[in-house]
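Just below is one structure, and these are the notes that go with it.
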Amino acid sequence: MKTRAAVAWKAGAPLTVETIEIGGPKAGEVLVEIMATGVCHTDAYTLSGADPEGLFPAILGHEGAGIVREVGAGVTSLKPGDHVIPLYTPECRQCKTCLSQRSNLCTAIRSTQGKGVMPDGTSRFACDGGEVFHYMGCSTFSNFTVLPEIALAKVREDAPFDKICYIGCGVTTGIGAVTNTAKVWPGANVVVFGLGGIGLNVIQGARMVGADKIIGVDLNPAKVEMAKKFGMTHFVNPAEVGHDKVVEAIVDLTGGGADFSFECIGLPVTMRQALECCHRGWGESIIIGVAASGQEISTRPFQLVTGRVWKGTAFGGARGRTDVPKIVDWYMEGKIEIDSLITHTMPLDEINTAFDLMHEGKSIRSVVTF
Ligand SMILES: NC(=O)c1ccc[n+]([C@@H]2O[C@H](COP(=O)([O-])OP(=O)(O)OC[C@H]3O[C@@H](n4cnc5c(N)ncnc54)[C@H](O)[C@@H]3O)[C@@H](O)[C@H]2O)c1
Ligand SMILES: [Zn+2]
Ligand SMILES: [Zn+2]
């Protein structure tokens with residue numbers, strides 16, 4: 001069948017909306033009609049050409065929500081009409097990692113996903129007779145897409161697609177880092193470096209679990225108002241206190257150091273500050289930000305010897321099929337907020353505007369609706 005999709009033909013060029021050819025779902029696969037998709041930094045990173053694993057031409061997008069339209073042979077957990085969120089981190093419940101219950105980094109389809117193809121080694125997309133790659137196993141910038149059954153979370157049907165698509169990456173990454181990776185306890189002091197879309201979700205996750213002080217760190221004072229609305233109690237601007245005094249300022253504010261810190265920027269220098277502002281003996285720092293390819297982090301080993309812990313998290317440590325439906329429930333029950341984070345909504349034809357707004361720092365999240 002044919003569908004409309006925004007195609008990334010080459011690095012650095014705008015996407016173009018094309019009518020493409022999409023193959024039906026093979027065994028274990030599901031055809032999904034995407035109703036809405038967010039545009040995330042990772043899409044922009046790959047499109048820029050800086051991602052060493054980026055493949056072209058490809059259909060980008062990994063933050064979607066939609067409806068199952070057809071299932072392939074052997075699919076048992078989903079049926080046409082089910083509402084779903086695609087998962088770039090699948091959950092097979094059978095691989096060593098899934099069975100360990102210690103990590104969400106399911107390995108079932110990792111190698112083919114990284115090569116831009118389905119688990120059988122082929123793509124379902126073609127345009128002008130040539131093969132087009134899948135992206136992060138999702139390709140939500142297409143009105144119809146094909147995913148493995150294990151890469152779809154079934155969610156409740158009363159949840160609005162143009163809001164819950166954000167749970168497919170940003171919301172879960174931020175909130176999951178708090179609830180799954182750090183397991184922040186009530187009364188903890190939390191520091192959040194970077195008050196963008198990810199940092200704001202860390203903040204509301206920290207508020208949800210009952211954190212005491214929630215300290216935000218950002219160079220842009222325009223971020224303060226929104227961060228306070230989401231639960232930030234204190235703000236540190238490195239440009240005001242001095243970049244070499246950030247750690248000291250936080251140690252003072254927390255009476256000795258943070259119980260938890262979250263780096264949501266992607267810079268080695270702030271990753272180091274985030275570790276070193278943690279409380280001696282137990283403070284844990286969680287890296288969420290993705291640093292540019294080839295960069296390295298450093299600190300004095302004494303920081304770890306004296307009990308600080310350095311960790312990282314992908315997709316908020318969430319096991320997608322199990323945890324994503326719960327986060328949709330939290331949204332529908334009013335425990336977390338999404339609506340005000342979606343600052344722009346546009347049709348597929350205007351998808352390049354979403355990238356412009358992101359680069360200009362004018363959006364928190366843009367959502368494309370089909
Ligand atoms: N680990 C994961 O699973 C995962 C998933 C999604 C995104 N990410 C990463 O999370 C990071 C944040 O994403 P986002 O969408 O929130 O980005 P964003 O650009 O919206 O926010 C970044 C914020 O950091 C601030 N900032 C920049 N440099 C700073 C500095 N030196 N000191 C203090 N503040 C500074 C900016 O003003 C901005 O408010 C990115 O690196 C992204 O790639 C990780
Ligand atoms: Zn993302
Ligand atoms: Zn698995």
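What you see is a predicted model, and the numbers here were worked out from it, not measured in a lab. Note that ligands are numbered from 1 as they come in the structure, with each ligand's atoms numbered from 1 the same way. All values below come from the heavy atoms of this structure, side chains included, with hydrogens, waters and symmetry mates left out.
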What's the shortest distance from [atom] to any protein heavy atom, and which residue and atom give it?
atom	result
atom 20 (O) of ligand 1	G196 CA, 3.3 Å
atom 4 (C) of ligand 1	T173 CG2, 3.6 Å
atom 16 (O) of ligand 1	I198 N, 2.9 Å
atom 15 (O) of ligand 1	H41 ND1, 2.9 Å
atom 28 (N) of ligand 1	I265 CG2, 3.6 Å
atom 3 (O) of ligand 1	F315 N, 2.9 Å
atom 41 (O) of ligand 1	V290 N, 3.0 Å

Subject >> Atoms of protein origin (N, O or S) under 2.8 Å from the Zn ion (ligand 2) >> reply: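 Metal shell, protein only: C40 SG, H62 NE2, C169 SG.
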Look at [atom] and find which of [options] reaches it with the closest heavy atom.
atom	options	answer
atom 39 (O) of ligand 1	V217, L195, D218	D218
atom 32 (N) of ligand 1	T181, L200, L219, T89	L219
atom 12 (C) of ligand 1	G289, C264, A222	C264
atom 8 (N) of ligand 1	T313, I288, L267	I288

With heavy atoms of [X] as the reference, note each atom of ligand 1 found under 4.0 Å away.
X	result
K223	39 (O)
C169	6 (C)
G194	23 (C), 24 (O)
G197	16 (O), 20 (O)
A314	3 (O)

Judging by distance only, is a nitrogen or oxygen of [X] under 3.5 angstrom from one on ligand 1?
X	value
T270	no
G266	no
G316	no

Looking only at non-hydrogen atoms, find the nearest pair between [X] and [Y] and report the distance.
X	Y	value
Q113	P90	OE1-CD, 4.2 Å
T140	T37	OG1-OG1, 2.8 Å
T42	Y135	O-OH, 3.0 Å
P57	W9	CB-CE3, 3.6 Å
I250	T254	O-OG1, 2.7 Å

Can a donor-acceptor pair be found between the side chains of [X] and [Y] at a distance below 3.5 Å?
X	Y	value
R124	T122	yes
S285	E263	no
D339	Y331	yes
K154	S77	no
T306	Q303	no

**OP:** Answer whether the closest heavy-atom distance between the side chains of R93 and I150 falls below 4.5 Å.
**Re:**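 Answer no - side chains too far apart.
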**OP:** State, with a plain yes or no, whether a side-chain heavy atom of V251 is found less than 4.5 Å away from one of H279.
**Re:** no
Original post:
Around atom CD of E333, are there more than 12 heavy atoms of other residues, nucleotides or ligands at under 6.0 Å?
Top reply: yes
**OP:** Any pair with a residue in residues 62-110 that passes ring pair (Phe, Tyr, Trp, His ring centres under 6.0 Å), sequence neighbours left out, goes on the list, sorted by first then second residue, please.
**Re:** H62-Y88, H83-F161, Y88-F315
Original post:
Quick one: does T270's side chain have a donor or acceptor within less than 3.5 Å of a partner on G266's backbone?
Top reply: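 Side chain of T270 to backbone of G266, a donor-acceptor pair under 3.5 Å: no, none is there.
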Original post:
In terms of side-chain geometry, is the basic nitrogen of E284 or K311 positioned less than 4.0 Å from the acidic oxygen of its partner?
Top reply: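 Salt bridge between E284 and K311, a charged N being under 4.0 Å from a carboxylate O: yes.
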Could you list the donor-acceptor pairs under 3.5 angstrom formed between side-chain atoms of residues 209-217 and any protein atom two or more places apart in sequence or on another chain?
residue	atom	partner	partner atom	Å
K213	NZ	L253	O	2.9

Original post:
Are V146 and F133 grouped together when hydrophobic residues (ILVMFWY) are joined by side-chain heavy atoms under 4.5 angstrom apart?
Top reply: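 Per the 4.5 Å side-chain linkage, V146 and F133 are not co-clustered.
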Original post:
When rounded to the nearest 0.5 angstrom, what distance separates CD1 in I336 from CD1 in I175?
Top reply: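 Those atoms lie 4.0 Å apart.
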Subject >> Protein N/O/S atoms closer than 2.8 Å to the Zn ion (ligand 3) >> reply: C92 SG, C95 SG, C98 SG, C106 SG
